[in-house]
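Below is one structure, written out as structure tokens; comments come after it.
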Number of protein chains: 2
Amino acid sequence: MKKNAQINSTPVCQVRMQAITDAMSLLSGKWKFHILGTLIEGSTLGFMDLLREVKGIGSKMLSKELQDLEMNNLISRTVMNTKPITVAYSITEYGKTLSPLIDEMAKWGINYRKSVYEKRDK
Amino acid sequence: MKKNAQINSTPVCQVRMQAITDAMSLLSGKWKFHILGTLIEGSTLGFMDLLREVKGIGSKMLSKELQDLEMNNLISRTVMNTKPITVAYSITEYGKTLSPLIDEMAKWGINYRKSVYEKRDK
DNA sequence: GAAAGTAGTTTCCTTTTGGAAACTGCTATC
DNA sequence: GATAGCAGTTTCCAAAAGGAAACTACTTTC
């Protein structure tokens, strides 16, 4: 008797799996959570501000990640009419819906670190 | 005047950023959420069960990801005393603490997909 | 004794990701 | 007119991630 998938073949699980794939494809990579987290905290920031805030990122990656996030309507990019020109990046209303997910991730990470220290100190 | 980081230099934000980095390093890659999600749903599964359940994964990746997850105490691996031998993979108590995060991710993904369809239909 | 099921490992390959450094082009300030 | 700041882009490269296919080794069933 040949076996088939039992759990993930149910419609509910398939929708769930697809949803996780979707979310991951928008948020994949080393920097997206950091950029989003920074913009959620910091209202409006310029390119150089972000380069300073997001520790370790280079200008190429920042530029690319900002384009990705803008394309998915998670952040907005506005060229300001100033001299010299500045660009204002900020989180969109839709981007803010990621707050619970980012918070949950941060919460888990904090507890993870605690649990590692506790284990070490035993 | 040289500018420095303002937001992410605060201790609270540094801890948060570190936490997100920690969480991501344990959960990175294409398959970990799917495997964990499947094991949370499905109690105990063998290697071949998982190969069938996690659609698209190959045996090499499955093997590697299971080792990673086991090392971090998120899943357990038990060799059963059966003939032919079988291996029981299951989620640990600690692994279950990821449920809220996975749920949040799935929830966001489902709403994302809805919002894409709505936009398309306008 | 051939086939099929268990649980993986190994090899070889392609794609993706990420980073450093240099460069562009503009403007304001010293 | 040199320097510094803004907002990126380009090039070149290394490392990591991921996948297909073949292979190991053992056992049970037909």
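This structure is a prediction, so every number in the text was calculated from the model and none was measured.
Between the CD atom of B:E70 and the C1' atom of C:dA7 there is a distance of 14 Å, rounded to whole Å. In this structure, the NE2 atom of A:H34 is 15 Å from the C1' atom of C:dT17, given to the nearest Å. A:L51 has its CG atom 16 Å from the P atom of C:dG18, to the nearest Å. The CE atom of A:M80 sits 13 Å away from the P atom of D:dG8 (whole-angstrom rounding). Between the CG atom of A:L62 and the C1' atom of D:dT9 there is a distance of 13 Å, given to the nearest Å. The distance between atom CG of A:N81 and atom P of D:dA7, rounded to the nearest whole Å, is 14 Å. What separates CZ of A:F47 from C1' of D:dG5 is a distance of 13 Å, to the nearest Å. Between the CG atom of A:L66 and the C1' atom of D:dC6 there is a distance of 14 Å, rounded to whole Å.
Taking B:D68 as the reference, nothing meets the side-chain hydrogen bond (donor to acceptor under 3.5 Å, both in side chains) condition, with sequence neighbours excluded. The side chain to side chain contact (heavy atoms under 4.5 Å, CB included) test applied to A:T44 returns A:A88, A:S90, not counting sequence neighbours. Remark: B:K60 pairs with no residue by the side-chain hydrogen bond (donor to acceptor under 3.5 Å, both in side chains) rule, at least two apart or across chains.
Residue A:Y89 has a polar side-chain atom (N or O) positioned under 4.0 Å from OP1 or OP2 of D:dG8. In this model, the phosphate group of C:dA7 is not approached by any side-chain N or O of B:Q67 to a distance below 4.0 Å at OP1 or OP2. The phosphate of C:dT9 has OP1 or OP2 within less than 4.0 Å of a side-chain N or O from B:S63. A sub-4.0 Å separation between OP1 or OP2 of D:dC6 and a side-chain N or O of A:R52 is present.
At distances below 3.5 Å, not a single donor-acceptor pair connects side-chain atoms of B:S63 with backbone N or O atoms of B:S59. With hydrogens and angles ignored, the 3.5 Å screen pairs a side-chain donor or acceptor of B:T92 with a backbone N or O of B:L74. A:E53 places a side-chain N or O within 3.5 Å of a backbone atom of B:Q6 that can act as its donor or acceptor partner.
Counting only residues at least two apart or on different chains, the side-chain hydrogen bond (donor to acceptor under 3.5 Å, both in side chains) pairs with a member in residues 97-109 of chain A are A:T97-B:W108, A:D103-B:R16, A:W108-B:T97.
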Nucleotides 17-23 of chain D: which of its N/O atoms have a protein N/O under 3.5 Å away?
from	atom 1	to	atom 2	distance (Å)
D:dG18	OP1	B:K30	N	2.9
D:dG19	OP1	B:K30	NZ	2.3
D:dG19	OP2	B:W31	NE1	3.0
D:dG19	N7	B:K60	NZ	3.0
D:dG19	O6	B:K60	NZ	2.3

I'd like a table of atom pairs between the protein and nucleotides 23-30 of chain C - only N or O on both sides, under 3.5 Å - with the distance next to each one.
none

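Under the 4.0 Å criterion applied to side-chain N and carboxylate O atoms, A:R77 and A:E70 are not assigned as salt-bridge partners.
Between B:L26 and B:K32 the shortest heavy-atom distance is O-CD, 3.2 Å.
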